[in-house]
Engineer: 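Shown below is the structure under consideration.
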2 protein chains.
Amino acid sequence: MPVTRAVPAAGPRETIRQASTAQILAAAERVFAARGFHGATMAQIAREAGLPKANLHYYFGTKERLYRAVLEGILSLWLDRAAAWITPARDPGTALAGYVRAKMADSRDRPEASRIFAGEVLAGAPRIRDYLRIELRRRVAAHAAVIEGWIAAGLMDPVAPAPLFFAIWAMTQTYADFAAKIEVVLDSRPIGPAEFAIATETVVRLVLQGCGIRKPREGDRT
Amino acid sequence: MPVTRAVPAAGPRETIRQASTAQILAAAERVFAARGFHGATMAQIAREAGLPKANLHYYFGTKERLYRAVLEGILSLWLDRAAAWITPARDPGTALAGYVRAKMADSRDRPEASRIFAGEVLAGAPRIRDYLRIELRRRVAAHAAVIEGWIAAGLMDPVAPAPLFFAIWAMTQTYADFAAKIEVVLDSRPIGPAEFAIATETVVRLVLQGCGIRKPREGDRT
DNA sequence: GAAATTCTTGACCACACGGTCAGGTTGGGC
DNA sequence: GCCCAACCTGACCGTGTGGTCAAGAATTTC
């Protein structure tokens, strides 16, 4: 019967598979984030997941395929995040402030995911280069067109779109990627909610004011 | 022995030592940047340096000590860079624009060094945590005081100093650290001088305009 | 209820890695 | 010219790694 696969109706088999893979992926995200691709070991991921090592290989085949699976989840989240905010229907103040705040929230909520991606790109993105070349470039081109539209409509200063996005990504992800540095500078405490709010608004201010957008809309939070 | 020493520089004992260590450090910087601490192998660094593996151990003892030696050179450069620009004697426009441009130039000229540092911090800075805790924190505190002074003098908007520095570091180093991502977005070409200039001025603009500094001084380049 | 399929797992490789070492070579001091 | 210390290096080693496998336990299918 046309049973939709979207919300699987949990037969024991399927449930086991989903539970195991989810457990493995979560453990892999933690370990890969902490030690990088080469530094992470399958044995450590297995221990963290509470499963024997051979089980990981049963579900994911190789270390590299497991790593890729972790990365793909992260990327699709981020790409959708941008697509949801950077649309021509919005005014630039709402869109950019909303996007920055959403991205900052991601850095707070899933810092490990961000770190894995950062490590991959740091090494030259050897394992996801093709994916980026197709998917990321396409999306950035679309967002750049939206920015150009806002500029043409006089809604913001003429700012080069690509560097603007690089700057936004850099500023927002730095709170996840370089948390160790930030903690050290801020007195060895993990950053608290109040400081995080200040940081968010600092980034929003730099972007909006830096782009010559006059009215940041405070109501548009994630 | 058909192998001629790559840097003969015929001279006393000391010259040999200096030439060898310099050669090893340069090779190590390349390999560590490309593959990270765990991914790099002593054999590969040795090959890159044109020396037998045992030679590296003769001069540096262990892989970790070699890695530390590479990192220390990078850090001292950056700390001095900030100290040279962020001084109370300057006005904020000159100082911040100069600092940003210097940092951008560093990212252009020594991207591998930047990537090694980024990888270390990504992993939680396990090998330089103590150094950061002392040296970096001290310096940031000093720079923050300078910023506060400018704010009190009405020379710029009241911007939280720490997040401001995090943002500047993030934006400038992103061009070295995430070069692979940027290349991919920009049509798979390495970024050219013209694009780099645009990127630099975009960052300068975001910082100065974002801080409510009215007169960017164009003359103060690196 | 038995055959087929999927899942689980301890034991086991082959190998690449960081590091060692003994023995050789080179260069400076006298 | 001789000696000593610094330098060089091929060959070697123990460990830890990703990955395999075969045999057994579940679960589904007929």
Side-chain angles (χ1 to χ4, degrees), chain A residues 1 3 5 8-25 27-28 30-32 34-71 116 123 126-127, chain B residues 1-25 27-28 30-32 34-71 116 123 126-127:
Chain A
M1 288 286 81
V3 173
R5 269 303 158 96
R13 262 300 158 55
E14 238 164 83
T15 309
I16 288 176
R17 182 171 207 97
Q18 286 182 343
S20 288
T21 54
Q23 221 167 335
I24 294 167
L25 284 171
R30 264 174 284 149
V31 177
F32 279 132
R35 321 227 345 154
F37 176 76
H38 292 287
T41 72
M42 294 298 272
Q44 195 183 345
I45 295 172
R47 210 179 314 127
E48 200 94 1
L51 295 169
K53 188 176 60 133
N55 202 310
L56 315 204
H57 283 101
Y58 174 74
Y59 280 112
F60 290 94
T62 68
K63 186 186 187 183
E64 181 165 335
R65 275 212 286 276
L66 171 56
Y67 179 76
R68 276 192 150 101
V70 172
L71 269 180
I116 296 174
R127 281 168 274 268
Chain B
M1 253 164 285
V3 175
T4 60
R5 191 79 342 103
V7 183
R13 271 280 160 67
E14 223 166 286
T15 310
I16 289 178
R17 183 170 206 97
Q18 287 182 344
S20 288
T21 53
Q23 224 168 332
I24 294 167
L25 284 171
R30 265 174 284 148
V31 177
F32 279 132
R35 320 227 344 154
F37 176 76
H38 291 287
T41 72
M42 294 300 271
Q44 193 183 347
I45 296 172
R47 213 179 311 128
E48 200 94 358
L51 295 169
K53 187 177 60 131
N55 201 309
L56 314 205
H57 283 100
Y58 174 73
Y59 280 113
F60 289 94
T62 68
K63 186 186 186 183
E64 180 163 336
R65 273 212 286 277
L66 172 56
Y67 178 77
R68 277 193 148 98
V70 173
L71 268 181
I116 295 173
R127 280 168 274 269

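Computed from heavy atoms alone, side chains included, the values below leave out hydrogens, waters and symmetry copies. Residue numbers start from 1 in every chain, and the chains themselves are labelled A, B, ... in the order their sequence lines are given, proteins ahead of strands.
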Engineer: Can you tell me the distance, in whole Å, between the CZ atom of B:Phe32 and the C1' atom of C:dG18?
Structural biologist: 12 Å
Engineer: Taking all atoms of both residues into account, what is the closest heavy-atom pair of A:Ala123 and B:Ala34, and its distance?
Structural biologist: CB-O, 3.6 Å
Engineer: According to the side-chain hydrogen bond (donor to acceptor under 3.5 Å, both in side chains) rule, which pairs have a member within residues 49-66 of chain A, sequence neighbours left out?
Structural biologist: A:Glu64-A:Arg68
Engineer: When the distance from CZ of A:Phe60 to C1' of D:dT20 is rounded to whole Å, what number comes out?
Structural biologist: 19 Å
Engineer: For A:Ala19, answer base if it contacts any base atom (sugar-phosphate contacts may also be present), sugar-phosphate if it contacts only those atoms, and nothing otherwise; contact means non-hydrogen atoms under 4.0 Å.
Structural biologist: nothing
Engineer: If only atom types and distance count, is the side chain of A:Ser20 paired as donor or acceptor with the main-chain N or O of A:Arg17 below 3.5 Å?
Structural biologist: no
Engineer: Which whole-number value in Å describes the distance from B:Lys63 NZ to C:dG18 P?
Structural biologist: 4 Å
Engineer: For each nucleotide in nucleotides 8-13 of chain C, reading 5' to 3', give B when a protein heavy atom comes within less than 4.0 Å of its base, S when such contact involves only the sugar-phosphate, and - otherwise.
Structural biologist: BBB---
Engineer: Could you state the CD1-P distance from A:Ile24 to C:dC7, rounded to the nearest angstrom?
Structural biologist: 11 Å
Engineer: Measure NE2/B:His57 against P/D:dG10 and give the value in whole Å, please.
Structural biologist: 15 Å
Engineer: How long is the line joining NE2 of B:His38 and P of C:dG18, in whole Å?
Structural biologist: 11 Å
Engineer: For residues A:Ala46 and A:Leu56, report the shortest heavy-atom separation together with the two atoms involved.
Structural biologist: N-CD1, 3.8 Å
Engineer: If I take atom CD in residue B:Gln44 and atom C1' in nucleotide C:dG18, what distance separates them, rounded to the nearest angstrom?
Structural biologist: 14 Å
Engineer: Would you say that A:Leu66 contacts A:Leu25 through its side chain, given a criterion of any heavy-atom pair below 4.5 Å between the two side chains?
Structural biologist: yes
Engineer: What residues form a ring pair (Phe, Tyr, Trp, His ring centres under 6.0 Å) with A:Phe37, not counting sequence neighbours?
Structural biologist: A:Tyr67
Engineer: Taking CZ from B:Arg17 and P from C:dT26, how many angstroms apart are they, rounded to a whole number?
Structural biologist: 19 Å
Engineer: Using a cut-off of 4.0 Å on non-hydrogen atoms, how would the nucleic acid contact of B:Ala46 be classed: base, sugar-phosphate, or nothing?
Structural biologist: nothing
